[in-house]
Every structure is written in structure tokens, then in C-alpha cells.
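Here is the naming used below: chain letters follow the sequence lines, and residue numbers restart at 1 for every chain.
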Amino acid sequence: MPLILKDGFVVQEKVRQANLIIDDGIIADISETAPTDALIADSTVIDCSGLYILPGLIDMHVHLREPGYEYKEDIQSASRAAAYGGVTTICSMANTNPPVDNSSIVSWIKNRSREIGLCDVLPYAALTKGMKGEELTEIGDILSAGACGFSDDGFPISSSEVMRRGLEYTRFFNSFIACHEEDRELFNNASMHEGKISAQCGIRSAPAEAESVMVARDIELARLTGGRVHFCHISSKHSVELIRRAKEAGLNITAEVTPNHLSLTDEICQDYDSFAKVNPPLREESDRLALLEAVKSGVIDCIASDHAPHHIDDKLKEFDCAAFGMIGLQLIIPLLTHFVEEGFIDWCEFAKITAANPAKILNLNDRGVLRKGLAADIAVIDPKSEYIFDESVNASKSYNTPFWKKKLRGRAVYTIKGGKAAAKV
Amino acid sequence: MKDLISTKDISKDQLISILDTAESFHEINRRDIKKTPALRGKTIVNLFFENSTRTRTSFEIAAKRLSADSINFTAASSSTQKGETLLDTIKNIEAMQTDILVLRHEASGAAKLAAKHSKASVINAGDGINEHPTQALLDIFTIRRVKGGFEGLSVCIMGDIAHSRVARSDIWALRTLGVEVKLFAPPTLLPNDPNGLGCKVVSSKRDAVKSDVVIALRIQRERQGKLLIPSLREYARFFGLNRDDLKYAPKDLLLLHPGPVNRGVELTSALVDADNSLILDQVENGVSVRMAVMCMLRR
């Protein structure tokens, strides 16, 4: 039976009030003319007046925690969190236990997520065996199994030689490396950003340059090799400036930022509440503003949540000892809706940075926009919905976020994956 | 006040009131019979997850002179070795109906975390590189006993500011009292952004000693790593004080040091033992100040 999303604001190159008709899992029509009575009689109709209809979000940075850390999250719970977050495609990071460093684990994750069926999971595989930063994984074999790219996220690649060879080799297969940029020696077991706030609260800290020196290195290696680098969760204004110049020089690089880094600063570390502990660390207001500006100008291509669930036992600890990371799948929409309401971005830009651009980076031409004939991956957003982010909303197994029990505005009220309802509020 | 976690939380009036109370205990501590029944029947536990002799002894003496029962708990002999979390340890100790927990821990913010989850009072006896508030209280008590007050004073803190819990607690307390605070250290031992501390960084020993008080901090190379200063000899020459360095200082300059002193590094032996060195007064005053804090928390 066809599904009609009636009278919503459909977000394409422009926003217009229209009816979006889904049939057999496919977007059958997007039209301003009212559907015929006959079609209405034969369809499920959802009144979307006042709601925004966007392409389902593509989140390039998610930690599923399965296999190995199922007490924090698993593919089922992450898929549910994605669905309630309006996300229909996620890229999973490889730092599970065992790590995703061979084609069998890639296939297993893909099969498991297909059984669940709430969103597509495109696994990243580790660039190096065991994520040890020494030997390359079987890049070609792993790609054949359906990996979306390569990343040792969580374990920055310290060796410039390994990074060089990785870029050369992945280039042959037209793939890319997603980099968590961190000079581990300069980071030196820190727990937060080094600045005025760390001086005041006496927490071990590392400078923003721990990120930007590695961004600079990998820009140079992209130049050397012609390989493609995707910078994960960029957090500092210095990194933004380096990326801007490298893009001007025509290098093959892309970058993402998290909604958390666009919304929060190191000020929230002052209470020693480990929910504020994340890597890369929250930085200063000037960094936050530079990141926002970079999203607006296109220097940063896309939004990714870096959804990093941790059990409360790993968080309810001394700040220095607590795990790094925040959940994020269900926070992309409310945190970005805030910037739409402030007039900083419009809904077309929202769709571009959450769906169209990630699809381009991932070479996916079957999704990322609302177009007749494509699979119906859709997020229906109510920007005015107000709610408390608590147990009744959160679908993840973990609740490590500074927004826990806070009032939020804006959410996906209806998420459609391949024409089927994945989540409904 | 339930807990003493940070000197940042203490108002000027509260600081003065703690010092006044400490003054009365100071008198008791010099009597032949050094005991008051103020905390009779109370149980005070010293929870030390890091080694300490002076601070722990000082807290223990303070508790005993207040007639409280005090128990020492050290990490080496504890369940922490068996994987128990800090909060579980705190809750277990608290379950024995204890009244005050004196906590030293290697993680910044540990005392705050413990206080948030504990009904017993928590006294921060040092949390990581963050704070050591009773040290700051005894420092200002020592200064007031000689100078009479804080009006127009300037204090220079020398040494590892970035990784010192004493420095941060001293800075917050001194600034609350309106004292000008200067910092002198090699850049490797200063915070990246010292503006956050609201202090002026001076760049010579000469400017450093033009103060009413110098607080020299202990150099702990074993803790700081070898990278931050090339050698103790080099540190002593460029950042430590000797008699010659004092020629630009006012005659009544006071020298403080939280101890233990590395003789010949932060201060030469001649200065450690000089008349204007208050290092042993600090140790004596520490007992009085800690007695005052314990009494005030249980009020």
C-alpha cells in the first residue's frame, strides 16, 4: 500500500510544501498537486503539515560496540537509536573487540544489521591489523565484503610511513582513510583541552595542536600520495584553517564535525563531570565559532555524531579515569535544529551536511537526497517538538551525554527506511 | 559547610572565620595537655590513595586533639588493589557511620566526586594536580600570624605552578583575600594560559623576590617527567633562591614552602634555616588549621 507524506515541507534544492508518495519502498512522486481521492483511499496518509521532510541522515561516525562491548551498546540498540534519531545509514567504527580488521567481521556486521533492518550499517574496517598501526589490513578483500572505508579511529596512526603506504594502497581501490587526528605524545594522557579552563580546574590537558599537527601531516601525505583523507570530528580552529588552505590547493580531503563540538565548550568540564569528557576534547568558544563558520562555508563537509556509548560504570569515575566519549545518534537533529532556529543554517543546508555530503564522501549515489526513483530513506522532523532527553526518549543502552535530562527541541517524529517505518514518535 | 573541596568555594568571611578558629586551637596546641572534647564521639577516616607522611600525620594529630577517633586507610592495604572503585570504597567506609572523610587521591576532581556521592563530610587533602585546600589555609594562617593581615600584600609563588595542587589552592585563597599573586617558573611549569589563574607572571628572580612573601614549591622530577626541567642543578641556578638573590627583596620577606624541601634546589639550606623562613611554622600551623576545618564542617 502506498504511503503519502501529506503537506510537509519537502527539503530538496529548495523547501516547498508538497506531498511525497512512497510506493514499494521507492519515492514514487514528489508533487505540489494534491493526490487524487482514489490514491488517498488506497494509501496510508500521514499528515505532515508543519513538519520537515528530509533525506534520512547518513552518520559517518558511530561506535556500535558489538562485537565485544555489548554491555555498552549493540547493533540492535544502536540501530534503534539511529532510527529514533532520523538516521537511516550509519558507518560503524572498527574499534570493537576483536577489531574489524578482516572481511569476515565486515560481512558479519552487515548481515546482522540487515536482520535488524532499521538502518543500513556500512562498516569501516581498520587500516592496520589489530589496529596496531603497523601492517595494513587486506584492503581489497575487505572492500569486496562491503566496507565503506578504513579507519583506526581511537588509535591514531602515529607512523607517517604507515599512513603514507595506507594512502597509496587505498588509492588504488578508490577508497579513503578516515583519521582521528591526535599526536599521542603531545596528547600525553590528557583528559581535556589545555587552556584557561584547564588551568583553573587542574585537570591534565593537551593543546589543540595535538590535533592540528596531525592534520597538517596528513594534508602533506595526501599531497604526496594523491590518496584521500577524511578528517574525523575536527575540533580546533587551527585544524579548520589548515583544511581550508588544503582544499583551496585542490587536495582530495574532506572533514566532519560533531554536533557536540558545535554546541559545547570546555567550560562544562569545570564540574569534573565525566559526561563532559570526550576525545577530541571540547575546546574554547573561538574554536566552536570557527567550526560553525566552517560548516557554513563548506570547509567542513558534513556532520557526524561520533556516537560513543559507554556504560555508567565506565563513566561514574574520577574524571582522569573515566572513558572518553558521548552518545550522539539522537542528538544530531535537536542540536542542528537549534542552528536552524537561530537562522545560522537553513533546512537545505541541514540536508546537505547530514545526508547529501556524506553520501558523496562515501560514493553512494543511491541516497542522500529526496528524488523520485530513489529508495525511500526519510526523516520527518518536527522542529517545534519539545521534550526532555531521558529514559523515555533515549534508545541507546548508554546515556553518557551532557544533554542527559535536559530539555531539547526538534526531533524526528517519523523515520522511514526503504519505505518502511523504522521509528515513530 | 558540608565539605572542604576547593578554596574557590570559600568566601572572604569564611576564610577569616576559619583563621580565627585556628587561632584558638593554636593556643591549645601549645598547652601541656593538648586536647579538647570538640569532636568526641566522631569518627574521622584518613583515606590516602597517595603516599603522604606530613599531611596525613597532621590530620591524624588534629583529629586526636579534638578527641575524635581517627583511622588511617592507605591504598596499598585497601580493596582498591582488588579493583574496587573509589565510590564503592567511599560508600563502604561511610556505611560504618563515619563522620568525616579526609581524602587524598591522584585524580583531579576525586574529592568533588566523593563529596557528591557521600553523606559524610569530605575534606580534600589533595586531588591530583588540582587542589590542596588545607595547605592554602595553613599558608594564609602563617602569613597572617606574622603580617597581622592581608592588606596590600604581594605573594610570589615559584616552581611547578602547572602541576601543583598547592599553587591553585593558594591562588584562589590569596585572591579572595585581595592579595596580589605573582608567579615565577620556567614556561614548561606554567599553565598554557596563566590568565585563567588571574595572576601576573614575572620573568626574573629579581621581580619575584620583590614581594612580601615567597612560596617556593617542591620540584618533583619523578612525577613531572624528565622533560620539563633539564636538571635539578639547572633549576636551582635559574629558578631556585639563594642568599644573593634576596638582595633585591625587602628585608622582611617571608619564605614559605609546603615541604618536603629539596635543600639546594628550591631554596638553599641557608634560606631554609634562615630567620625569615616559616617552613616549620607552617607545619605547626597545619594542625591548628585542620582542627578548625574539622570543627566547622561538623557544625
Side-chain angles (χ1 to χ4, degrees), chain A residues 183-213 236-238 265-277 281-287 310-324 400, chain B residues 5-9 49 80 83-91 103 105-117 124 126-133 160-169 171-172 175 183 189-199 201 223-225 227-228:
Chain A
D183 181 320
R184 294 169 94 169
E185 294 199 350
L186 194 49
F187 196 77
N188 197 13
N189 295 320
S191 292
M192 71 173 286
H193 169 74
E194 181 174 306
K196 189 177 118 184
I197 302 295
S198 70
Q200 288 172 350
C201 63
I203 294 176
R204 290 196 178 277
S205 57
E209 284 73 5
E211 174 181 276
S212 55
V213 295
S236 96
K237 56 187 179 225
H238 307 303
T265 65
D266 60 350
E267 302 242 348
I268 67 164
C269 298
Q270 287 179 110
D271 287 335
Y272 307 91
D273 180 347
S274 68
F275 279 15
K277 185 177 173 183
L282 299 172
R283 303 203 190 274
E284 298 169 24
E285 182 64 2
S286 59
D287 293 292
H310 284 295
H311 193 274
I312 190 66
D313 289 350
D314 299 324
K315 274 292 192 183
L316 191 54
K317 285 184 173 185
E318 306 84 307
F319 198 92
D320 284 341
C321 312
F324 286 104
N400 51 305
Chain B
I5 304 304
S6 162
T7 49
K8 223 189 275 174
D9 308 331
F49 291 87
T80 327
E84 187 174 56
T85 67
L86 170 64
L87 286 184
D88 281 337
T89 303
I90 297 282
K91 283 176 182 164
L103 178 69
H105 195 278
E106 62 272 15
S108 300
K112 182 149 185 170
L113 181 74
K116 196 172 156 190
H117 294 271
N124 183 3
D127 63 325
I129 57 170
N130 183 30
E131 285 211 49
H132 189 359
D160 187 358
I161 314 293
H163 308 96
S164 166
R165 48 195 176 207
V166 176
R168 237 174 298 275
S169 284
I171 288 168
W172 306 135
R175 282 184 51 204
L183 308 175
L189 300 181
L190 282 170
N192 171 305
D193 187 353
N195 293 329
L197 302 177
C199 304
V201 176
R223 179 177 284 200
Q224 289 140 3
L227 199 58
L228 302 181

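Between the CD1 atom of B:Ile129 and the OG atom of A:Ser198 there is a distance of 8.0 Å, given to the nearest 0.5 Å. The distance from atom CG of B:Asp193 to atom CD of A:Glu284, rounded to the nearest 0.5 Å, is 7.0 Å. Considering NE2 of A:His193 and CG of B:Asn192, their distance stands at 7.5 Å, rounded to 0.5 Å. To the nearest 0.5 Å, the span separating CG on B:Asn195 from CD on A:Gln200 amounts to 10.0 Å. B:Leu197 CG to A:Lys196 NZ: the interatomic distance, rounded to the nearest 0.5 Å, is 10.5 Å.
Between the side chains of B:Asn130 and A:Tyr272, at least one donor N or O sits under 3.5 Å from an acceptor N or O.
Closest heavy-atom contact between B:Leu113 and A:Lys317: CD2-C, 3.4 Å.
Both the backbone and the side chain of A:Leu316 come within contact range of chain B, each with at least one heavy atom under 4.5 Å from a heavy atom of that chain. Neither the backbone nor the side chain of A:Asp313 comes within less than 4.5 Å of any heavy atom of chain B. For a residue to count as touching a neighbouring chain, one of its non-hydrogen atoms must lie under 4.5 Å from one of that chain's; by this rule A:Ser191 does not touch chain B.
The local environment of NZ in B:Lys116 is sparse, with at most 12 non-hydrogen atoms from other residues, nucleotides or ligands closer than 6.0 Å. Within 6.0 Å of CD in A:Glu285 there are more than 12 heavy atoms belonging to other residues, nucleotides or ligands.
Annotation: maximal heavy-atom pairing with chain A below 4.5 Å, among B:Ala114, B:Ser164, B:Ala107, occurs at B:Ala107. Ranked by heavy-atom pairs shorter than 4.5 Å toward chain A, the options B:Glu131, B:His105, B:Glu106 are led by B:His105. When each of A:Pro207, A:Cys201, A:Cys321 is checked for heavy-atom pairs under 4.5 Å with chain B, A:Cys201 comes out on top.
In this structure, A:Arg204 and B:His163 have side chains that are in contact, with non-hydrogen atoms separated by less than 4.5 Å.
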